[in-house]
There are 2 protein chains.
Amino acid sequence: MAGNGRPTIKTVAARAGVGRTTVSRVINGSELVSSDARDRVLAAIEELQYVPNSVARGLVTNRTNAVALVIPESESRLGSEPFFAALIRGVSGALAATGTQLQLMLVRDQSERDQLTASLQTRRVDGVLLVSVHAHDRLPGQLDEMGLPTVLAGRRDAQEHLGYVDSDNSGGATQAVGHLLERGRRRIATITGALDMDVGCSRLAGWRTAHRAAGVPADESLIEAGDFTEEGGQQAMRSLLERSPDLDAVFAASDLMAVGALAELRRQGRGVPSDVAVVGFEDSVLARHTNPPLTTVRQPVEELGRTMARILLQEISARTASPATEPASHQQLTLPTELVVREST
Amino acid sequence: MAGNGRPTIKTVAARAGVGRTTVSRVINGSELVSSDARDRVLAAIEELQYVPNSVARGLVTNRTNAVALVIPESESRLGSEPFFAALIRGVSGALAATGTQLQLMLVRDQSERDQLTASLQTRRVDGVLLVSVHAHDRLPGQLDEMGLPTVLAGRRDAQEHLGYVDSDNSGGATQAVGHLLERGRRRIATITGALDMDVGCSRLAGWRTAHRAAGVPADESLIEAGDFTEEGGQQAMRSLLERSPDLDAVFAASDLMAVGALAELRRQGRGVPSDVAVVGFEDSVLARHTNPPLTTVRQPVEELGRTMARILLQEISARTASPATEPASHQQLTLPTELVVREST
DNA sequence: GAGGGCGTTGGGAACGTTCCCAACGCGAGG
DNA sequence: CCTCGCGTTGGGAACGTTCCCAACGCCCTC
C-alpha cells in the first residue's frame, strides 16, 4: 500500500540507473561526473520533482544554512521601532542571495531569554545576529564560548572583541549638535538612549564633543536619560523643561524619543523650531511625518543589516574551513551617518 | 587530538550507565522510566550540558518545529507597513509558547517567489503562514498540493477553502463610511486597496453597503483604486480632487493611504476635517501621529497573527496524527474590527 | 516451584544525506 | 600482452536521533 512519500536520493538514483553518490555529486555540482550520467540524473530529478531533504543534509554536513536574528522585544516594540523592520530587510536581502534562511527570534522577557542559549545550542542555526545588546549582557559571551559565530548590531563597549557593525554614533551626534550650535543655539539639552548600551553612551559623547569643538561649555544638567521609547522621550522632555526652562534646543538620541519630545513641547506651547529646535537620530519614516518634519541623523539601517549578514556568513564559512584556527580577527565595521536637515531646526 | 565535540545522546547514556533509549525516553518525558534511571540521566545531562540535536531529531520524526512566514516585500515595504511588524509580533508570541521557531521569508521579486516552492519543499518547516495573497496567486494551491499545512492572512476570495484568519473588512468599512454619513457627509469618496485582493474588494464593498443602508446613493465616480501605499494614496487623492472637487469625505482602505491623502489635501489647502473628513483602516501607530490624528478602523493585527499561528499549529498536529484523513475542514476565522474616532472626522 | 504478566531496559534498524575509499573500465605505454 | 594511471562510479559507514520489539528481572498467583 503506502502511496509512497516524496522521492529520496535513492529513488532518483534508481530512476537514473546510477548510484546514490552520483546523484549527490550532480546535486552538489561536482565535476567528477560524466555528462551522460549528469543528464540522466537531471532528467530523473525533473521527472520525480525531487528536492533534497535539507534536514538530512544538515545532519551530515553539520550546517543548516540558517542564521538567527535575535531581537529583544521587551525594550523596544518591533512595531513602533522602524529600526528593526529596516534591519530585517537588510539582513534578509543579503541572506537571500546565498540561500540562507532567516530565523527570527523575538525575545519577550527574561525567561525567554534564558531559554535562548539552549535553543541556539540545538544546532538549528549556523550563526547568530544580535541586536540591541546591553553592556552587561551575557548572551554574546555564551555564544562565543559555544563556538557559534556571532555578529552584533552595535558593540557592547569600546573594546568589543566580537564582530560587529555599528553606525558612527558619536560622529553623527557630534554633527547633529554641531548643527544646532551653528544655528546659534546655546542651551542644547540632550535626551540620551539607554546608558548601559554603547549606542546611548556614544551619542551622549557626541553631544559633549560638539560642545568642546565649538568652545561652548556643556551644561551637564541639560542631560536627561531616556530609554529609546516615545514615552521615555516625552517624560525626559518634561523633566528638562521643568529643570531648565531656558533651553533652546534638544538633541534626542532617537527619532522615536524626538517624537515624544515634540509632543511634550507642543503640549507646553513651545514652538518648534522657534522656541526650541529638535534633532533626532536615525531618519526613520517617522521623521518625515512629524510636525514639523524632523531634522535628524540618518543611519543606514538597511545597509547595516546587509553588512551584518555578510560578515556573519564570512565568519561561518571561515569557521567551517578551519575549525581549529579559531581566534580569527572578527570584523568590526562602522558605517557613516549623515545629517538630514528638515524643519525642526 | 580531537577535543571531542558536543555530547550526544550516547555520551549521556554512557555517563548515566544506561542505554540510548532510556536517555531518549527521559528527554521526551516518557513514563516508562524508573525514577532511579531518570535521576541518573538528568544528572548526566546537567553535567555534560547536553542539548539534543534537533536536526537529527527532525530527520527521524519528520518534524522541524518551525514554520515559515512568507511576506511579499515587493508590494508593501516591511518598514513602512506597521502591519507586518505587528503581525510578526503576534505570530512570534503564539509560537514561542510551543517552542516553535519562526522562519521569516521576505520575497522581493518574482524570481525569489519562484524559488520559494522549492525552498519550502526541502522540508525545513512544518507549515506556512501566507500574507497578502492575491486572488490569482498560485502559491497557496501549490502548498496545499504538497500537503504542507498553510494558513492565510486574509482569504483570496469569498470561497476560500484553505484555512485563514481575516479582519472583518467589509464590516469595518461599513462602520467607517456609516460614521461619515452620520456626520452628515454626503460626497464620500473611497481610495481602495488592490482590487485583486479580497481585502481590497471587501473594504470597497463596505463602502457600498453603508451607502445602501443609509439610503444614500453611492456615486461610483468617487471610487479611485489605490495599492495600499502612501504614494498610491496621495496620487488617488489627487485624481479624486480633480475629478470631483465637491467631495467632502474620503475613506481610505488603509492608514498608509490615508496619510498620503492627508498630504495631498494639505498641499491643496483643504482643511481636515473642516472641508474633507478622512478615515483610514488599521489603526497603526501612524494613525495617532498624523495631523490631525486619524479616525480609523482598528483591526487587531497582533491578535490576527496569534490566531494564524494557533490555527497552523493545530493543522500541523492534526496532519501528523492522521496523515491519511486529510480533507479535514480548515479553520476560517474573522476577527471583529472597531471604529476609533479621532480628529480627522 | 513453575508459569505468566508487567514494569523497565537496551540493541537494532531506519530516517536521507555526504564522505571515504575501493573498484571498475579503458587507453596508453613499455 | 601486461601494467599503470586516470577518469568515473558506487557501496559502506557515519551523522544523532526515535521507534520497534525482544529480553530481562521480579513479583504474584496457582
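Proteins come first, then strands; the chains are lettered A, B, ... in the order of their sequence lines, and each starts at number 1.
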inquiry  = Ignoring hydrogens and geometry beyond distance, is the side chain of A/Arg20 in donor-acceptor contact with the base of D/dG12 at under 3.5 Å?
reply    = yes
Looking at [X] and [Y], would you say the former's side chain and the latter's main chain have a donor-acceptor pair under 3.5 Å?
X        : Y        : value
A/Thr100 : A/Ala66  : no
B/Ser30  : B/Val26  : no
A/Gln332 : A/Glu160 : yes
A/Arg306 : A/Val91  : no

Could you tell me the separation between the [atom1] atom of [X] and the [atom2] atom of [N], rounded to a whole number of Å?
X        : N      : atom1 : atom2 : answer
B/Ile27  : D/dC19 : CD1   : C1'   : 14 Å
B/Leu59  : D/dC15 : CG    : C1'   : 9 Å
A/Arg6   : C/dT17 : CZ    : C1'   : 15 Å
B/Gln121 : C/dG16 : CD    : C1'   : 15 Å
A/Arg57  : C/dT17 : CZ    : C1'   : 8 Å
A/Lys10  : D/dG10 : NZ    : P     : 15 Å

message = For C/dT17 and A/Ser24 - does any side-chain N or O of the residue sit under 4.0 Å from the phosphate oxygens OP1/OP2?
response =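 No, because none of the side-chain N or O atoms of A/Ser24 sits under 4.0 Å from OP1 or OP2 of C/dT17.
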Let's see if you can work this out: which of [options] has an atom nearest to the side-chain heavy atoms of [X]?
X       : options                : value
B/Ala56 : D/dG16, D/dG10, C/dG10 : D/dG16
B/Asn53 : D/dG16, D/dA13, D/dT18 : D/dG16
A/Thr22 : D/dA13, C/dG16, D/dG10 : D/dG10

Which part of the nucleic acid, if any, lies within contact of [X], taking any heavy atom under 4.0 Å across all strands shown: a base, the sugar-phosphate backbone alone, or nothing?
X       : result
A/Thr21 : base
A/Val55 : nothing
A/Asn28 : sugar-phosphate

message = I need the residues from residues 30-52 of chain B with at least one non-hydrogen atom less than 4.0 Å from DNA chain C; give them sorted by number, or say none.
response =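 When residues 30-52 of chain B is checked for heavy atoms under 4.0 Å from DNA chain C, the hits, listed by number, are B/Leu32, B/Val33, B/Ser34, B/Ala37.
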remark   = side-chain contact (heavy atoms from CB on, under 4.5 Å) with A/Met105: of A/Ile71, A/Leu116, A/Val125, A/Leu129, only one passes, and it is A/Leu116
task = Going by the side-chain contact (heavy atoms from CB on, under 4.5 Å) test, name the single residue among B/Thr307, B/Leu304, B/Asp166 that passes it with B/Leu333.
result =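 When side-chain contact (heavy atoms from CB on, under 4.5 Å) is applied between B/Leu333 and each of B/Thr307, B/Leu304, B/Asp166, only B/Thr307 qualifies.
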inquiry  = For A/Arg25 and B/Arg25, find the nucleotide of DNA chain C closest to each by heavy atoms; which residue's nucleotide sits nearer the 5' end?
reply    = B/Arg25
message = Can you pull out every salt bridge (charged side-chain N to carboxylate O under 4.0 Å, His left out) where at least one residue sits in residues 120-140 of chain A? Sequence neighbours excluded, please.
response =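 Of all non-adjacent pairs touching residues 120-140 of chain A, those that pass salt bridge (charged side-chain N to carboxylate O under 4.0 Å, His left out) are A/Arg63-A/Asp126, A/Arg113-A/Asp137.
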